[in-house]
Amino acid sequence: TGWYRLLISLRRRHPAFTSPEFAGVITQDTWMVAQRSDAVLAVNLGSEPVTVPMAGELAASWGDVTVEDGLRLGAHSVAVLTQVPPPTPE
């Protein structure tokens, strides 16, 4: 379907999706974020919207997703971000 074709296209265009470098995973009660290089896959498995504190360019989404003052993931939604800034040291 269109969603899978979009993901395949992203994988071909963006080197982070074929890189063996894995930056890490962040999980909370109902959502998770997996990062490779400057690309992120964020998933909300819950039935309520969540806001994840991150920025980047929205490359693909499924469900209700916006990137304003953080990444807002609607219930049961997925977002793929690119050009995600590296984390700042604390």
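Only heavy atoms go into these numbers, but all of them, side chains included; no hydrogens, no water, no symmetry mates.
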**Request:** Hey, could you give me each pair passing ring pair (Phe, Tyr, Trp, His ring centres under 6.0 Å) that has a residue in residues 34-55? Not counting sequence neighbours.
**Result:** none
**Item:** Results of side chain to side chain donor-acceptor pair (under 3.5 Å) for Thr66 - residues two or more places apart only
**Value:** none
Listing, residues 45-61 side-chain donor-acceptor contacts under 3.5 Å, not counting sequence neighbours, or none:
from  : atom 1 : to    : atom 2 : distance (Å)
Glu57 : OE1    : Gln83 : NE2    : 3.4

**Fill in**
Residue pairs meeting side-chain hydrogen bond (donor to acceptor under 3.5 Å, both in side chains), one or both in residues 70-82, sequence neighbours left out, come to Asp64-Arg72
**Request:** Applying side chain to side chain donor-acceptor pair (under 3.5 Å), name anything that partners Arg5, two or more places apart in sequence or on another chain.
**Result:** none
**Contact list for residues 73-84, test salt bridge (Lys or Arg N to Asp or Glu O under 4.0 Å), sequence neighbours left out** = none
Using residues 24-32 as the side-chain source, report each donor-acceptor pair under 3.5 Å to any protein atom, sequence neighbours left out, with the distance given to one decimal.
none

**Message:** Quick check against the 3.5 Å criterion: does Gln35 have a side-chain atom that pairs as donor or acceptor with the backbone of Ser37?
**Reply:** yes
**Prompt:** Which heavy atom of Phe17 sits nearest a heavy atom of Val80, and at what distance?
**Reply:** CZ-CG1, 3.4 Å
**Asked** Among all residues two or more places apart in sequence or in another chain, which pass the salt bridge (Lys or Arg N to Asp or Glu O under 4.0 Å) test with Arg36?
**Response** none
**Prompt:** Closest heavy-atom contact between Asn44 and Gly74?
**Reply:** ND2-O, 3.0 Å
**Message:** Can you pull out every ring pair (Phe, Tyr, Trp, His ring centres under 6.0 Å) where at least one residue sits in residues 34-55? Sequence neighbours excluded, please.
**Reply:** none
**Item:** Partners passing side-chain contact (heavy atoms from CB on, under 4.5 Å) against Arg12 (at least two apart in sequence or in another chain)
**Value:** Ile8
